[in-house]
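Residue numbers run from 1 in the order of the sequence given.
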Amino acid sequence: MNAHKLATKHTRLYKKCMKKERREIKNRILQAAGHGAKKTESFIDCPENLEWLKKKGFKFKEYESSIHRYLISWEGC
């Protein structure tokens with residue numbers, strides 16, 4: 001397998017992982033909103049998903065004890 005095919009395969013795999021993570025974030029937000037909560041927590045590995053949340057108007061902050069664990073809030077949005 002040459003380098004170009006390997007890079008293409010890695011890019012597709014990363015995009016697939018990013019989309020799966022977005023679906024999980026959406027489901028967590030919908031479940032929390034369905035229960036009347038205004039916050040939820042989630043693990044976010046892809047930095048593109050943080051930018052995506054920012055574009056959607058969500059606020060987030062990172063927990064001090066964990067690296068990829070974020071508190072996502074939609075209060076005042």
Worksheet entry | Gap separating the OG atom of S73 from the CZ atom of F58, nearest 0.5 angstrom | 9.5 Å
Discussion item. I need the minimum non-hydrogen distance between W52 and I25, along with the two atoms involved.
Written reply: CZ3-CG2, 4.3 Å
List the atom pairs, with distances to 0.1 Å, where a side-chain N or O of residues 5-14 and a protein N or O form a donor-acceptor pair under 3.5 Å, not counting sequence neighbours.
unit_1: T8; atom_1: OG1; unit_2: H4; atom_2: O; d: 2.8
unit_1: T11; atom_1: OG1; unit_2: A7; atom_2: O; d: 2.8
unit_1: Y14; atom_1: OH; unit_2: E48; atom_2: OE1; d: 2.6

Response to the item:
Closest non-hydrogen atoms of L71 and Y63, given as atom of the first, atom of the second and distance, are CD1-OH, 3.7 Å
Discussion item. Nearest 0.5 Å, please: how far is CE in M18 from SG in C46?
Written reply: 6.5 Å
Worksheet item: Roughly how far apart are K20 NZ and D45 CG, rounded to 0.5 Å?
Response: 11.0 Å
Discussion item. Using side-chain heavy atoms (C-beta onward) and a distance below 4.5 Å, is Y70 in contact with L50?
Written reply: yes
Worksheet, complete the sentence: The reported gap from CG in L53 to CD1 in I44 (rounded to nearest 0.5 angstrom) is 5.0 Å
Fill in: For the student: nearest non-hydrogen atoms of F43 and S66, plus distance
CE2-OG, 3.8 Å
Worksheet item: Taking E21 for the side chain and N49 for the main chain, is one N or O donor matched with an acceptor at less than 3.5 Å?
Response: no
Worksheet entry | Carboxylate-amine/guanidinium contact E41 R69, below 4.0 Å | yes
Worksheet item: Between NZ of K54 and NZ of K59, what distance do you get to the nearest 0.5 Å?
Response: 13.0 Å
